[in-house]
Amino acid sequence: MKLDGPYDAKQVEDKIYKLWEDSGFFNPDKQAQTNADFTQTDADKKRNRGVSVSQRKVRVSPRQSFTIVMPPANANGNLHAGHALVMTLEDIMTRYKRMQGFKTLWLPGLDHAGFETQVVYEKKLEKEGRSRFNMQPQELYNEILEFTLENKKNIESQIKKMGASCDWSRLKFTLDNDIVKEVQRTFKKMYDDGLIYRGQRIVNWCSKHQTSLSDVETESKEKKDAFYYFKYGPFTIGTARPETKFGDKYVVMHPDDKRYANYKHGQTLPLEWINGPITATIIKDKAIDMEFGTGVMTITPWHSDVDFEIAERHQLDSQQIIDMRGKLLPIAGEFAGMKITEARPKIVEKLKAKGLLEKIDENYVHNVPVCYKCETAIEPQILPQWFVKMKDLAKKAADAVKAKKIIFIPDNYRKIFLYWMENSIDWNISRQIVWGIPIPAKICDTCNDGFPDLENTLTTCPKCQSTLRGDPDTFDTWFSSGQWPLVALGYPNSKDFKTFYPTTVMESGSDLIFKWIPRMVIFGLYLAKKVPFGTVYLHGLVNDAKGQKMSKSKGNVINPLNITEKYGTDALRIGLVMGNTPGQSLALDENKIKGHRNFANKIWNASRFVLTNLARIDADNYADLRGSKVVLSAHQKQHLKELKALVGEVTKLMDNYKFYIAGEKIYHYFWHTFCDKIIEEAKPLLADSKTRQATQYMLLEILSTSLKLLHPFMPFITEEIYQQLPLKDKKECLMVAKWPN
RNA sequence: GCGCGAUUAGCUCAGUGGUAGAGCAUUCCCUUGACGUGGGAAGGGCCAGGGGUUCGAAUCCCUUAUCGCGCACCA
């Protein structure tokens, strides 16, 4: 007997994965099921009364496509628990639909992950005592490329380890030539359509990584700082950042503030400031909060978002105070060249000596934006960069969602999506890093304007005739991954694009509801005029057993590959899914996985029992059992009726993406109904020649149906057992067997 | 400050109008030939608090509290 106990995943998984790969059925072009499998007979029709419309449709149009484009996994490290959940959920959806006869494509992909990967690589350099700033860009690029390609291979094999039934023949990488070209074409197209512009605008600058970042690449961190009140002419101004105040020559107040009604907008007044006398100009602007501080502030447009906006509104001058390394510029006089932290107390000291310090509030708590990777405080800077005009694009995306062209699971993410779309600001897509897709543009040294140049033909500035140089920047990763569903399918002209776009489901982590999902919708609508997917399924974070966020510093990181090593992939998969509601974070408990390993063993042993009893008793003809006339007892008929009810229930749950309940139902049925009751009852019946054959038939029927229902969740063990079942209408593999109805 | 989510058995969580559920953990029993990674049984919850709607509320509405996540900011 092949099913020797206990179940040993190691003996099975690699072998079975190879069987699937060799079968070619990961590729939707290889059709597994004949149309005859799905032709509705009268008996089917009768059976299917009361079954949902979507299920009937499956049989009527069998080769309708079902597509998932895999969120491209970052090729800069190992598979983590979050990936494991992604692979499991998407594989469940894919296997389910494949078994239902859909033309099913799950397209795998990997991401060069621009800034993310560069940060990982810079850490590596740091450990080696090297720095990217001492390297030629090309040299750095080549090293990161090598690093990424190595990791890419690694993570591919880890995805396979999870049992992912994706079509490897269609594997895409975000730096594939065709993708790079298409992303660059999009840039040009958007520029021509007036949706991308070169702007001299304020951006988030990380002085450690020496690049600008988009809003979603910053985090806010609560900080307690001193808050200083200074005399500024007749006013008192408050600030937490005295070091930015050198160039402040505008003093701003709310137009309705009665306290300052005597001062007129545009009025100037002389006053004494840090490095001597200056002339200040009064500005009235509604952005001022009358309740805060004294209701008066000076502005530093070069180093503050809010101030920048005020300056834009009133067309005010602005001056850089802090350089790109976080040091003070010559405007700071004696403080020039100092780092902010060093200069701050000295500046306060000087102002105090001049009698301009009014008071200090030591307990000022505020949130400061920091780089999401290194937690360095973001220094806003004004830089010439490429920006995407978001307003109209975002509105179209919001309209599509409002028109229910995209459904969110869970539903509340719809609100979050819409909120985000209504508050989006122009998107800075220039990054000052080498690892990414180059921005195909030329920059003029004289007028600083930029011009897209796909063919690399421009040499002189169309505006001022000066010399142009290539833009050294690369695209924000989200600019390319935002186009992922399009470019992965070969937009605009490929056969795949025509067949599989728009895709059916986008399954992704809920944290990407801002970063990624909206951008895909925007690009999909802009380029293909169609939403990129009809359903967005968002899973939550995978936490540790106590529900704590995994982190290296806490030392509670669970490596999914260790779990599969110990308990088998199937156990991990069903453990990740059962009881995991979409959108909610999940506690990954090793004990729980152990329980599911036991379940796998239970399946193994029950199958052995059934097979042994088929073999021992009726060795010659058990393969024909299903076709033979068997007389079932009323009780046995009842069992089959219950099985049918389970199939209906599970199918409905699967259709509604309620995998967490579907999995639990099958688990429960298999263990506590099939094993505990039906098999136990069957033992004496198998010993009696009068009831033997009917019982054999019933057991095989229930076992084979259960394996089909379990297959999307636990593909390896179910396939291994299926391969050994004596079924008459057996498929090449369970993966493409027909989902029961 | 705003938004979203959570609050149910010791723990992790399901359950969206009809007498409270799962897994794990706990206690007791079972050395039978699929499986001890097993089987049988048991204990354990005023479903966060308050109010409302309803014949009936864990479930719908309002409100309070606590926790988590996100967003925005006050110079």
Side-chain angles (χ1 to χ4, degrees), chain A residues 1 3-8 215-216 218-220 227-230 232 237-242 244-245 248 251-253 287-300 303-307 310 364-369 410-420 423 425 510-511 513-514 540-541 543-549 567-568 571 574-575 578-581 583-613 658 660-661 663-665 667-668 671-672 675-676 679-680 682-683 687 699 703:
Chain A
M1 210 57 230
L3 294 173
D4 290 335
Y7 173 63
D8 182 5
D215 311 319
V216 294
T218 67
E219 270 168 15
S220 49
F227 193 77
Y228 307 94
Y229 289 88
F230 298 121
Y232 189 80
I237 57 156
T239 184
R241 302 202 57 191
T244 64
K245 295 284 152 202
D248 287 13
V251 57
V252 191
M253 55 211 74
I288 298 294
D289 180 358
M290 287 188 269
E291 309 290 313
F292 186 80
T294 56
V296 181
M297 70 172 191
T298 62
I299 57 167
T300 314
H303 299 292
S304 155
D305 293 13
V306 178
D307 296 4
I310 293 172
Y364 175 61
V365 178
H366 62 157
N367 291 313
V368 290
D411 184 52
N412 59 296
Y413 279 91
R414 176 187 145 86
K415 263 195 235 170
I416 299 176
F417 181 95
L418 289 174
Y419 175 83
W420 191 250
N423 293 284
I425 55 170
S510 55
D511 53 326
I513 185 71
F514 302 130
L541 226 57
N543 293 328
D544 76 1
K546 289 176 187 154
Q548 299 289 309
K549 204 169 176 169
Y567 305 109
I574 194 156
M578 263 174 66
N580 177 19
T581 33
Q584 294 301 329
S585 55
L586 147 88
L588 179 56
D589 186 350
E590 192 171 322
N591 250 328
K592 195 167 136 185
I593 306 301
K594 202 167 156 186
H596 288 111
R597 188 269 320 260
N598 297 352
F599 178 53
N601 197 46
K602 191 76 180 172
I603 298 171
W604 191 252
N605 286 317
S607 302
R608 174 167 58 233
F609 175 83
V610 173
L611 277 173
T612 329
N613 279 288
K658 299 206 170 180
Y660 56 105
I661 307 178
E664 198 178 301
K665 290 251 185 230
Y667 174 97
H668 233 254
W671 199 318
H672 300 297
C675 294
D676 292 350
I679 287 186
E680 290 307 320
K683 285 175 181 172
L699 290 177
L703 176 63

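Chain letters run A, B, ... following the sequence lines, proteins first, then strands; residues in each count from 1.
- In this structure, the CZ atom of A:Phe599 is 17 Å from the P atom of B:rU37, given to the nearest Å.
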Report summary line: Given Watson-Crick and G-U pairs under 3.5 Å, RNA chain B in dot-bracket ([ ] crossing, | other strand) is ((((((((.[[[[.)..(..]]]].(((((.......))))).....[[[[[..)....]]]]])))))))....
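- At a threshold of 4.0 angstrom between heavy atoms, the contacts of A:Thr581 are confined to the sugar-phosphate backbone, with no base atom among them.
- Computed from coordinates, the A:His596 NE2 to B:rA22 P distance equals 14 Å when rounded to whole Å.
- Residue A:Lys658 places no side-chain N or O under 4.0 Å from the OP1 or OP2 atom of B:rA14.
- The stretch residues 583-592 of chain A comes close to RNA chain B through A:Gln584, A:Ala587, each having a heavy atom under 4.0 Å from the strand.
- Residues satisfying the ring pair (Phe, Tyr, Trp, His ring centres under 6.0 Å) test with A:Tyr660, not counting sequence neighbours, are none.
- Separating the NE2 atom of A:His672 from the C1' atom of B:rA22 is a distance of 9 Å, rounded to the nearest angstrom.
- When the side chain to side chain donor-acceptor pair (under 3.5 Å) test is applied to A:Thr300, the partners found at least two apart in sequence or on another chain are A:Asp248.
- Counting non-hydrogen atoms under 4.0 angstrom, A:Ala600 reaches nothing in the nucleic acid.
- Legend: residues meeting salt bridge (Lys or Arg N to Asp or Glu O under 4.0 Å) with A:Arg241, ordered by chain and number and at least two apart, are A:Glu243, A:Glu379.
- Between A:Trp420 and A:Tyr667, the one whose closest nucleotide on RNA chain B sits nearer the 5' end is A:Tyr667.
- Taking the C1' atom of each, B:rU19 and B:rC55 are spaced 15 Å apart, rounded to whole Å.
- A straight line from CZ of A:Arg241 to P of B:rC74 spans 12 Å, rounded to a whole angstrom.
- The same atom, C1', is picked in B:rG23 and in B:rU31; the two are 28 Å apart, to the nearest Å.
- In this structure, the CH2 atom of A:Trp604 is 14 Å from the C1' atom of B:rU37, given to the nearest Å.
- Between the CD atom of A:Glu291 and the P atom of B:rG1 there is a distance of 14 Å, rounded to whole Å.
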N/O contacts under 3.5 Å, protein versus nucleotides 2-4 of chain B?
{"unit_1": "B:rC4", "atom_1": "OP1", "unit_2": "A:Lys415", "atom_2": "NZ", "d": "3.2"}
{"unit_1": "B:rC4", "atom_1": "O2'", "unit_2": "A:Asn412", "atom_2": "ND2", "d": "3.0"}

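- Between B:rA14 and B:rC60, the two P atoms lie 15 Å apart (nearest whole Å).
- Comparing B:rG49 with B:rG33, their P atoms are spaced 50 Å from each other, to the whole Å.
- With both ends at atom P, the span from B:rU59 to B:rU16 equals 12 Å, rounded to whole Å.
- Within the cation-pi definition used here (under 6.0 Å to the ring centroid, within 45° of the axis), A:Lys683 qualifies as a partner of A:Phe609.
- If you take atom P in B:rG21 and the same atom in B:rG45, they sit 14 Å apart, rounded to whole Å.
- Spacing of P atoms, B:rU8 relative to B:rC47, comes out at 11 Å, to the nearest Å.
- Distance check on atom C1': B:rU12 versus B:rC73 gives 37 Å, rounded to whole Å.
- Across the interface with RNA chain B, nearest-nucleotide mapping of A:Val368 and A:Lys594 shows A:Lys594 to be the residue nearer the 5′ end.
- In terms of phosphate contacts, A:Trp671 brings no side-chain nitrogen or oxygen within less than 4.0 Å of OP1 or OP2 of B:rG23.
- Of the candidate nucleotides B:rU37, B:rA72, B:rA34, B:rA72 has the atom nearest to the side chain of A:Asn367.
- Residues A:Tyr413 and A:Ile416 form a side-chain contact, since some pair of their non-hydrogen atoms from C-beta on lies under 4.5 Å apart.
- The distance between atom CG of A:Asn580 and atom P of B:rA6, rounded to the nearest whole Å, is 14 Å.
- Nucleic acid contact for A:Asp676: sugar-phosphate only, since backbone atoms but no base atoms lie under 4.0 Å from a heavy atom of the residue.
- Within 4.0 Å of A:Gly238, counting heavy atoms only, lies at least one base atom of the nucleic acid.
- One interatomic measurement links the two molecules: CZ of A:Phe417 to C1' of B:rG70, which rounds to 16 Å at whole-angstrom precision.
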